[in-house]
Amino acid sequence: MEHPLIVYNSLTRKKEQFVPLNPPFAGMYVCGPTVYGDAHLGHARPAITFDLVFRYLTHLGYRVRYVRNITDVGHLENDSDSGEDKIGKKARLEQLEPMEVVQYYTDRYHADMDQLNVLKPSIEPRASGHIIEQIEMIKSILQNGFAYEADGSVYFDVHKYNTLHHYGKLSGRVIEQLMEGYRNLDGQEQKRNPEDFALWKKAEASHIMRWPSPWGDGFPGWHIECSVMSSKYLGDVFDIHGGGMDLLFPHHECEIAQNRAASGKDAVRYWLHNNMITINGQKMGKSLGNFITLGEFFNGQHPALEQAYSGATIRFFVLQAHYRSTLDFGNEALKAAEKGLKRLQDAYGNLTKVIPKPTSTVDIATYRKRCYDALNDDFNSPLAIAALFDAARTINAACDGKENLTEADIASLTETFHIFFCDILAINSQKGGNQEKMLDIVKGLMNLILEYRQDSRQKKDWAASDKIRDGLQGLGIVVKDGKEGASYTVPD
RNA sequence: GGUCUCGUGGCCGAGUGGCUAGGCAGAGGUCUGCAAAACCUCCCACAGCGGUUCGACUCCGCUCGAGACCUCCA
């Protein structure tokens, strides 16, 4: 807390000090998944990025309300589709109720997030649960004169809005440029202008997901839910809004306009955007068909994957890059992350083996300071990780007796790892509480076995000691002989 | 076409006007019954061409290259 937290605000395109509106409270809204398919690596990026933000803000003492929505009302799939919504389409294909599809993929999304050690948000509202509020906000926008009804649909009047406010302030667009880009207005006849966007869409007879409204049966436009759910749970003005860079325009731009048109206020104080994950230099995305689902990463069943990767490895891989940079997928990079993470985990474990010395040869405090400095500078997780690696080297050196650490040093390092490795970056392999007992038993058994092996080794009975080691190896336990006796690890 | 971002060593990726990123891979060494770790050392990169500067990978311009958004997308 000594140093201020600096965040990069997409709205101002500058780094700014983060000062919440109502400290110690902090509000954060992040665009969540549309649950009509399995989450892929691209979905992991914002989830992990804003999980880090959530965890760090909490660590700094803020009382954070983190809202991440579930989009489950279905939106237009593409222009040629003329109105069939994603979830409705999937439902028909699989002969399921739309909400059954939603439930199925929501559950799977949650399971994936658990694997990635992503905390649950404070509130996870569903768009379908906020139809009334969405209708109310559309009414307000209509009343304020920034929208118009046309044949059962309601559209936002971008030109009207732009006479009073700047539509495009977030993405750096001006409306004249936008107008040039919209030459093909096929199937958009009801709109006064092609850059107008839907607040409410009339549902055709074939459209499964539909709700009654003052304008007839229909469904909400694909920007309004976020405006509604963020302001409902965080207030007309709140601190942080996050999401992927690809949502900058038009989604977030429209959110800004909707909130402003409804409440007269700019809702968001800090806009944070994570960059994309690329594969062969190209964005990984559903529409490009070049995505790998998280489930495929976990089980290794994808042609592009040479092996399976754990959730911790994926999380570490993501955090090893700054959230505003693109991150390129590759087996080599994933494997490097896996090994690097193991190195950190081993060092963390080695901390208990270091023999304290009366005097210290290392300045331990710098590691923690470097971690704080890194995260305070726009959540620079790769720098924080680098500091942990340096700390790991020191710990291992101390294990080898090449550096000296005092009792206080060890305690401090343990705490540093606990704070950053476990709590904030959260890249340690999680062990469930129920497994603790079994782990203790295993530890006891292992010590016993290693004692026997030690005996044979003292008798130079290599056959016996090798038999024990090889047998353990067969169980996936690797024995390592060191100066201070034998230790063991269980590689993934 | 418009708006914008980026181009770092074998790979992934930080960062800065002059001072070591870090990880993985590779080379050598220490330790060791063997093995595996660990530790030490090495591998000193910043697309190209100009310009600013005492000095640029870092600032400016241009060229080349890659990408994002403008349509659903994290």
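The sequence lines fix the lettering, A, B, ..., with proteins before strands; numbering per chain opens at 1. When reading the values below, keep in mind they use all heavy atoms of this one structure, side chains included, and skip hydrogens, waters and symmetry mates.
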* Rounded to whole angstrom, note down the P distance from A21(B) over to U41(B). => 14 Å

* Asked: Closer than 4.0 Å, any side-chain N/O of N380(A) to the OP1 or OP2 of A14(B)?
  -> no

* To do: For T278(A) and for P33(A), find the nucleotide of RNA chain B with the closest heavy atom, then tell me which residue's nucleotide is more 5'.
  => T278(A)

* Asked: Between F249(A) and R173(A), is there a cation-pi geometry (under 6.0 Å to ring centre, at most 45° from the normal)?
  -> yes

* Asked: Contact class for K402(A) (heavy atom, under 4.0 Å): base, sugar-phosphate, or nothing?
  -> base

* To do: Check whether any side-chain nitrogen or oxygen of S325(A) sits under 4.0 Å from OP1 or OP2 of A14(B), and answer yes or no.
  => yes

* Structure fact -> Of G33(B), G23(B), A14(B), the nucleotide closest to the side chain of R453(A) is G33(B)

* To do: Using both distances under 3.5 Å as the test, list the Watson-Crick or G-U wobble partner of A38(B), or none.
  => U30(B)

* Among C70(B), G10(B), C34(B), which is the nearest nucleotide to the side chain of E332(A)? -> G10(B)

* Would F298(A) and Y309(A) count as a close aromatic pair, with their ring centres under 6.0 Å? -> no

* Report the nucleotide, chosen from G13(B), G67(B), G23(B), that has the shortest atom-to-atom distance to any side-chain atom of F389(A). => G23(B)

* Would you mind reading off the distance between Y309(A) atom OH and C12(B) atom C1', rounded to a whole angstrom? => 12 Å

* Take atom P in C57(B) and the same atom in G50(B), then report the distance between them in whole Å. => 13 Å

* Between K480(A) and A35(B), does any side-chain N or O lie under 4.0 Å from OP1 or OP2? -> no

* Could you say whether D377(A) or G172(A) is positioned toward the 5' end of RNA chain B, judged by the nucleotide with the nearest heavy atom to each? => G172(A)

* Taking atom P in both C39(B) and U52(B), compute the distance separating them and give it to the nearest angstrom. => 48 Å

* Whole-angstrom distance between C43(B) and U20(B), as gauged at atom C1' -> 14 Å

* Tell whether R469(A) reaches the base of C34(B) with its side chain through a donor-acceptor pair below 3.5 angstrom. => yes

* Asked: Where the side chain of H43(A) is defined as all heavy atoms beyond and including C-beta, which of C24(B), C40(B), C73(B) is the nearest nucleotide?
  -> C73(B)

* To do: Indicate whether OP1 or OP2 belonging to C72(B) is found under 4.0 Å from a side-chain N or O atom of W222(A).
  => yes

* Asked: Side chains of H252(A) and L170(A): does their closest heavy-atom pair fall under 4.5 Å?
  -> yes

* Asked: Is a side-chain donor or acceptor of H207(A) paired with a backbone partner of E204(A) at a separation under 3.5 angstrom?
  -> no

* Validate the cation-pi geometry between K202(A) and F219(A): distance from NZ or CZ to the six-membered ring centre under 6.0 Å, angle to the ring axis within 45°. => no

* Asked: If you check every side-chain atom of D328(A), which of G13(B), G22(B), A25(B) has the closest atom?
  -> G13(B)

* **K283(A) (side chain) and C73(B) (base): donor-acceptor pair under 3.5 Å** => yes

* Mind checking who C69(B) pairs with, Watson-Crick or G-U wobble, both distances under 3.5 Å? -> G2(B)

* Counting Watson-Crick and G-U wobble pairs only, both distances under 3.5 Å, name the nucleotide matched with G15(B), or none. => none

* **Interatomic distance at C1', G7(B) relative to A14(B), whole Å** => 15 Å

* Asked: Does Y29(A) have R68(A) sitting over its ring (NZ/CZ under 6.0 Å from centre, angle to axis within 45°)?
  -> no

* Indicate, with a heavy-atom threshold strictly under 4.0 Å, whether I385(A) touches base, sugar-phosphate, or nothing. => nothing

* What is the distance from CG of D390(A) to P of C39(B), rounded to the nearest Å? -> 11 Å

* Asked: Would Y155(A) and N193(A) count as having a side-chain donor-acceptor pair, cut-off 3.5 Å?
  -> no

* Asked: More than 12 heavy atoms of other residues, nucleotides or ligands under 6.0 Å from CG of D470(A): is that the case?
  -> yes

* Asked: P atom, A38(B) versus A56(B): distance in rounded Å?
  -> 40 Å

* From the options A38(B), C24(B), G13(B), select the nucleotide whose nearest atom is closest to the side chain of D400(A). => A38(B)

* To do: Would you classify H251(A) as touching base, sugar-phosphate or nothing, given that sugar-phosphate means primed atoms plus P, OP1 and OP2, and contacts are heavy atoms under 4.0 Å?
  => nothing

* Give a yes-or-no answer on whether the side chains of H159(A) and E195(A) include a donor-acceptor pair shorter than 3.5 Å. => yes

* To do: Kindly say whether, by distance alone, the side chain of D466(A) makes a donor-acceptor pair under 3.5 Å with the base of G33(B)?
  => yes

* Structure fact -> Any strand, both distances under 3.5 Å, Watson-Crick or G-U wobble: G10(B) pairs with C24(B)

* **Under-4.0 Å side-chain N/O to phosphate OP1/OP2 contact, R343(A) with C39(B)** => yes

* To do: Please state how far atom CD in Q320(A) lies from atom C1' in U8(B), giving the value in whole angstrom units.
  => 16 Å

* Asked: What integer distance in Å separates L247(A):CG from A68(B):P?
  -> 15 Å

* **Distance in angstrom units between L327(A) CG and G13(B) C1', rounded** => 8 Å

* Using the C1' atom in both, what is the distance from C46(B) to C59(B), to the nearest Å? -> 16 Å

* Could you work out which one of A21(B), C70(B), C12(B) sits closest to the side chain of F317(A)? => C12(B)

* To do: Write down the distance between OH (Y8(A)) and C1' (C4(B)), rounded to a whole number of angstrom.
  => 10 Å

* Given atom CE of M276(A) and atom C1' of C6(B), what is their separation to the nearest angstrom? -> 14 Å

* **Watson-Crick or G-U wobble mate for G50(B), both contacts under 3.5 Å** => C60(B)

* Structure fact -> Atom CD of Q345(A) and atom P of C24(B) are separated, to the nearest Å, by 13 Å

* Out of A35(B), C70(B), G67(B), which nucleotide sits closest to the side chain of F249(A)? -> C70(B)

* When the P atoms of C31(B) and G55(B) are considered, how many whole Å apart are they? -> 50 Å

* Residue-phosphate contact under 4.0 Å: R13(A) side-chain N/O, U5(B) OP1/OP2 -> no

